[in-house]
Asker: 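Sharing a structure with you now.
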Number of protein chains: 2
Amino acid sequence: MDPRRLLIFREVARAGSISAAARALGWTQPAVSQHLRALERETGCALLLRGAGGVELTEPGRALLTRADAVAAHLHMAEQEMAALTTLQRGTVRLAAFPSAAATLVPRAVAGLRRRHPDLDVTLAEAEPPEAVALLEEGAVDLALVFGYDDEPVGPAGLVWLPLGEEPVHLVLPPDHRLAQRRAVAPADLAEEPWVVGCPRCREHAVLVCAGAGFEPQVRHVSDDYVVVQNLVAVGLGVALLPRSALEAYRHPQVVVRESAAWGTRTFGVLHREGAPAVPATAAALRELVGLASG
Amino acid sequence: MDPRRLLIFREVARAGSISAAARALGWTQPAVSQHLRALERETGCALLLRGAGGVELTEPGRALLTRADAVAAHLHMAEQEMAALTTLQRGTVRLAAFPSAAATLVPRAVAGLRRRHPDLDVTLAEAEPPEAVALLEEGAVDLALVFGYDDEPVGPAGLVWLPLGEEPVHLVLPPDHRLAQRRAVAPADLAEEPWVVGCPRCREHAVLVCAGAGFEPQVRHVSDDYVVVQNLVAVGLGVALLPRSALEAYRHPQVVVRESAAWGTRTFGVLHREGAPAVPATAAALRELVGLASG
DNA sequence: ATCAGATCAAAGCACTGCTTATGATCAGGG
DNA sequence: CCCTGATCATAAGCAGTGCTTTGATCTGAT
């Protein structure tokens with residue numbers, strides 16, 4: 001049964017005559033008449049009795065009108081919902097972000113988003129880049145904030161990479177460390193030090209930096225929690241490399257931070273599935289993140 | 001929002017890919033693709049993310065799918081109901097009938113109808129022809145069993161008259177009446193008798209018959225209930241004319257009935273609104289009545 | 001009696017909408 | 001590593017749906 005004909009029939013029932021319904025629909029009378037004829041042919045019974053002065057529903061017609069009303073109601077609700085979603089009066093954005101972004105960039109972005117669009121919901125999953133990509137691929141999140149050290153972390157096919165910025169990596173030393181007094185510290189100075197490293201990609205970066213200075217770091221402790229890392233360093237258990245955002249999110253009062261281009265930089269940005277920004281809520285979140293990173 | 005597109009979208013969501021939906025619908029892939037594009041243009045947001053290996057719903061898509069399912073469900077129920085109504089597994093026929101038909105023809109017709117179509121409902125309103133026509137015109141009944149004495153009781157425009165038969169009118173005399181012994185009784189013999197008459201049209205008929213014999217009847221009692229009429233006659237309060245069906249429905253054990261062409265005949269049949277037999281249940285009832293009257 | 005309203009019917013044309021053809025991208029297998 | 005087969009989109013063309021136009025009938029009201 002053609003649902004459009006059902007709605008035309010509903011309009012006829014509402015208007016009380018075929019002509020009136022045609023006027024309401026902006027059509028001519030025969031157009032509506034033909035649709036009704038087709039509907040009656042489909043259903044196999046008369047839906048309305050035609051007479052001068054209008055039209056009157058039969059029993060099947062009354063039964064069908066009930067259904068037509070239900071269909072029209074759901075259609076109307078669908079339109080309302082779609083309108084709410086496109087005007088950002090409703091919707092959910094699901095984010096995944098690596099820990100230091102989850103502590104710095106994301107809260108600011110969420111705050112801005114809620115200010116502009118109070119009815120949007122945001123959910124956040126903290127995840128290191130590989131897991132974030134996995135969440136993205138399985139459709140568990142809409143946007144994934146990820147980072148990469150040297151090459152950009154472009155994921156598998158179907159994912160779009162949008163760089164947001166670059167941040168320096170800093171050296172973190174214990175407060176009473178022998179190098180803490182030195183004005184400049186080079187990678188080669190740390191060949192004999194015990195190391196505290198983070199997630200696999202961060203560890204890989206540390207190894208690469210050390211390899212550039214001709215040695216392999218002695219990894220003593222592993223933690224992807226930058227608070228844990230700084231506490232380990234603070235009590236003298238090793239040295240560490242941490243990106244600026246991690247130190248921005250939490251700065252242990254006693255550790256010594258040394259800045260140098262030698263420690264490299266880290267690129268961070270958003271990953272999303274192709275076409276995802278066509279969802280208004282996702283696009284709004286994306287705009288918010290881009291605005292924060294650039295502005 | 002075009003409801004057909006909604007259903008196409010639903011099929012795509014169900015099938016998991018545009019191509020699969022196109023196969024299910026018996027169309028080509030671009031046809032479905034174009035509909036989806038149009039739907040997304042209408043709603044203003046992406047409903048699904050296209051990827052190799054199929055398609056995945058976005059948040060608006062999931063919301064819309066819920067509505068699409070509801071629309072499809074109501075559409076399906078509508079089809080089921082229409083099928084039930086056309087196959088007479090459901091439906092109601094509302095009858096109006098004059099008293100003696102309500103006591104004879106209609107019960108037989110209803111019995112036959114219920115035997116053939118046990119799920120049909122029948123309602124009956126007893127009404128003399130003028131009220132029956134009124135019920136028909138105001139849409140309170142589907143079929144009206146009416147009678148007429150001389151001219152056929154064709155009602156106002158828009159009503160169709162279907163004659164079912166003709167029945168003789170008989171003279172009803174008290175058991176101890178002076179004429180009860182006579183072999184032949186003519187209208188002129190009753191010039192001095194008191195009369196018991198029925199409904200306005202029946203009374204009019206009696207008056208016409210008497211006028212043909214040159215006198216005006218002395219109407220003493222009026223009742224459109226043929227049981228009452230016969231009881232009045234039985235105790236000698238007057239003579240009466242009753243149609244055969246009234247005497248068939250109830251025959252007072254003591255009254256004397258005399259048959260003669262002089263008492264005239266009565267035509268009875270069904271009136272219905274134009275197009276009413278296009279409703280299956282109405283048509284079935286009509287067939288039943290015609291079958292009973294002719295067979 | 002005429003007019004205004006309703007209806008149906010037939011014929012014509014325009015536009016929607018499906019098909020065909022093509023190209024791009026991605027996953028899996030030899 | 002390339003090839004095959006799957007997905008998608010886009011563009012162009014044609015056909016058929018479906019709307020309009022026109023004309024006629026009928027009812028009810030002025």
Side-chain angles (χ1 to χ4, degrees), chain A residues 1-9 11-42 46-58 61 133 136-138 154-161 273-276 278, chain B residues 1-9 11-13 15-42 46-58 61 136-137 154-160 273-276 278:
Chain A
M1 180 178 314
D2 188 334
R4 287 181 315 170
R5 297 211 167 111
L6 201 57
L7 297 181
I8 293 170
F9 165 71
E11 187 58 36
V12 171
R14 214 187 56 75
S17 83
I18 297 180
S19 303
R23 283 192 295 272
L25 294 167
W27 289 346
T28 58
Q29 170 266 319
V32 178
S33 198
Q34 286 166 21
H35 276 295
L36 287 178
R37 178 163 300 279
L39 192 60
E40 289 183 321
R41 188 169 35 76
E42 278 180 339
L47 299 174
L48 26 84
L49 299 179
R50 285 91 163 158
V55 101
E56 189 183 351
L57 294 192
T58 63
V133 168
L136 199 58
E137 286 189 299
E138 71 194 37
V154 55
L159 295 189
V160 177
W161 164 243
R273 278 173 294 177
E274 202 160 7
Chain B
M1 181 179 313
D2 188 334
R4 287 181 313 171
R5 297 213 167 110
L6 200 59
L7 297 181
I8 292 170
F9 165 72
E11 187 59 36
V12 170
S17 84
I18 297 180
S19 303
R23 283 191 295 272
L25 293 167
W27 290 345
T28 58
Q29 171 263 318
V32 177
S33 199
Q34 287 164 19
H35 276 295
L36 286 178
R37 176 162 300 278
L39 191 60
E40 288 182 322
R41 188 168 37 76
E42 278 181 338
L47 299 173
L48 25 85
L49 299 180
R50 283 88 163 159
V55 100
E56 188 183 351
L57 294 192
T58 64
L136 199 58
E137 286 189 298
V154 52
L159 296 188
V160 178
R273 276 173 295 177
E274 203 161 4

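Every chain is numbered from 1 and lettered A, B, ... according to where its sequence line falls, protein lines coming before strand lines.
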Asker: Is the phosphate of dC8(C), meaning OP1 or OP2, less than 4.0 Å from a side-chain N or O of Arg50(A)?
Answerer: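 Looking at the OP1 and OP2 atoms of dC8(C), one of them is under 4.0 Å from a side-chain N or O of Arg50(A).
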
Asker: For His35(B) and dA9(D), what is the distance between atoms NE2 and P respectively, to the nearest whole Å?
Answerer: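 These atoms are roughly 14 Å apart.
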
Asker: How many Å lie between CG on Leu48(B) and C1' on dT7(D), as a whole number?
Answerer: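 That distance rounds to 13 Å.
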
Asker: Kindly compute the distance separating CG (Leu48(A)) from CD1 (Ile18(A)), expressed to the nearest 0.5 Å.
Answerer: 6.0 Å

Asker: Given side-chain contact (heavy atoms from CB on, under 4.5 Å), test Val55(A) with Leu49(A) step by step and report yes or no.
Answerer: CA-CA 6 Å; Val55(A) 101; Leu49(A) 299 179; over 6 Å; no

Asker: From the options dC8(D), dT20(D), dG17(C), select the nucleotide whose nearest atom is closest to the side chain of Asp2(B).
Answerer: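 From the listed options, dG17(C) comes nearest.
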
Asker: With rounding to the nearest 0.5 Å, note down the distance linking CZ in Arg14(A) to CZ in Phe9(A).
Answerer: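 Arg14(A) atom CZ to Phe9(A) atom CZ measures 13.5 Å (nearest 0.5 Å).
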
Asker: In whole Å, I'd like the distance from the CG atom of Leu39(B) to the C1' atom of dT16(C).
Answerer: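 These atoms are roughly 16 Å apart.
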
Asker: Around atom CD of Glu42(B), are there more than 12 heavy atoms of other residues, nucleotides or ligands at under 6.0 Å?
Answerer: yes

Asker: Find which nucleotide of DNA chain C each of Gly53(A) and Ala52(B) is nearest to by heavy atoms, and output the residue with the more 5' nucleotide.
Answerer: Gly53(A)

Asker: Side-chain N or O of Ser33(A) less than 4.0 angstrom from OP1 or OP2 on dC8(C)?
Answerer: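 Ser33(A) to dC8(C) OP1/OP2: side-chain N or O found under 4.0 Å.
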
Asker: Donor-acceptor pair, distance only, cut-off 3.5 Å: does the side chain of Ser19(A) make one with the backbone of Gln29(A)?
Answerer: no

Asker: Hey, mind stepping through Glu40(A) and Arg50(A) against salt bridge (Lys or Arg N to Asp or Glu O under 4.0 Å) and telling me if it holds?
Answerer: CA-CA 13 Å; Glu40(A) 289 183 321; Arg50(A) 285 91 163 158; 3.0 Å; yes

Asker: The side chain of Arg37(B) lies closest to which of these nucleotides: dC19(D), dC8(C), dT10(D)?
Answerer: dT10(D)

Asker: Report the distance from atom CG of Leu25(B) to atom P of dT19(C), rounded to the nearest whole Å.
Answerer: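 In whole Å, dT19(C) P lies 10 Å from Leu25(B) CG.
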
Asker: dC8(C) C1' sits how many Å from Glu274(B) CD, rounded?
Answerer: 12 Å

Asker: What is the distance, to the nearest angstrom, from the CD atom on Gln29(B) to the P atom on dA9(D)?
Answerer: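 Distance, rounded to whole Å: 7 Å.
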
Asker: Contact list please: residues 11-22 of chain A against DNA chain D, heavy atoms, distance less than 4.0 Å, in numerical order.
Answerer: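 Of all residues in residues 11-22 of chain A, none places a heavy atom under 4.0 Å from DNA chain D.
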
Asker: Report the C-alpha distance between Arg273(B) and Glu56(A) in whole Å, list the side-chain angles of each, state the deciding distance to 0.1 Å, and finish with yes or no for salt bridge (Lys or Arg N to Asp or Glu O under 4.0 Å).
Answerer: CA-CA 11 Å; Arg273(B) 276 173 295 177; Glu56(A) 189 183 351; 2.8 Å; yes

Asker: Checking contacts here: which listed nucleotide (dG17(C), dC19(D), dG18(D)) is nearest the side-chain heavy atoms of Gln34(A)?
Answerer: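 When the side chain of Gln34(A) is considered, dC19(D) is the closest of dG17(C), dC19(D), dG18(D).
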
Asker: Roughly, in whole Å, what's the span from CZ in Arg5(B) to C1' in dC18(C)?
Answerer: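 Computing the Arg5(B):CZ to dC18(C):C1' distance gives 12 Å.
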
Asker: With respect to the side chain of Pro30(A), which nucleotide from dA12(D), dT21(D), dC8(D) is positioned closest?
Answerer: dT21(D)

Asker: Given atom CG of Leu49(A) and atom C1' of dA6(C), what is their separation to the nearest angstrom?
Answerer: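 Those two atoms, CG and C1', are 15 Å apart.
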
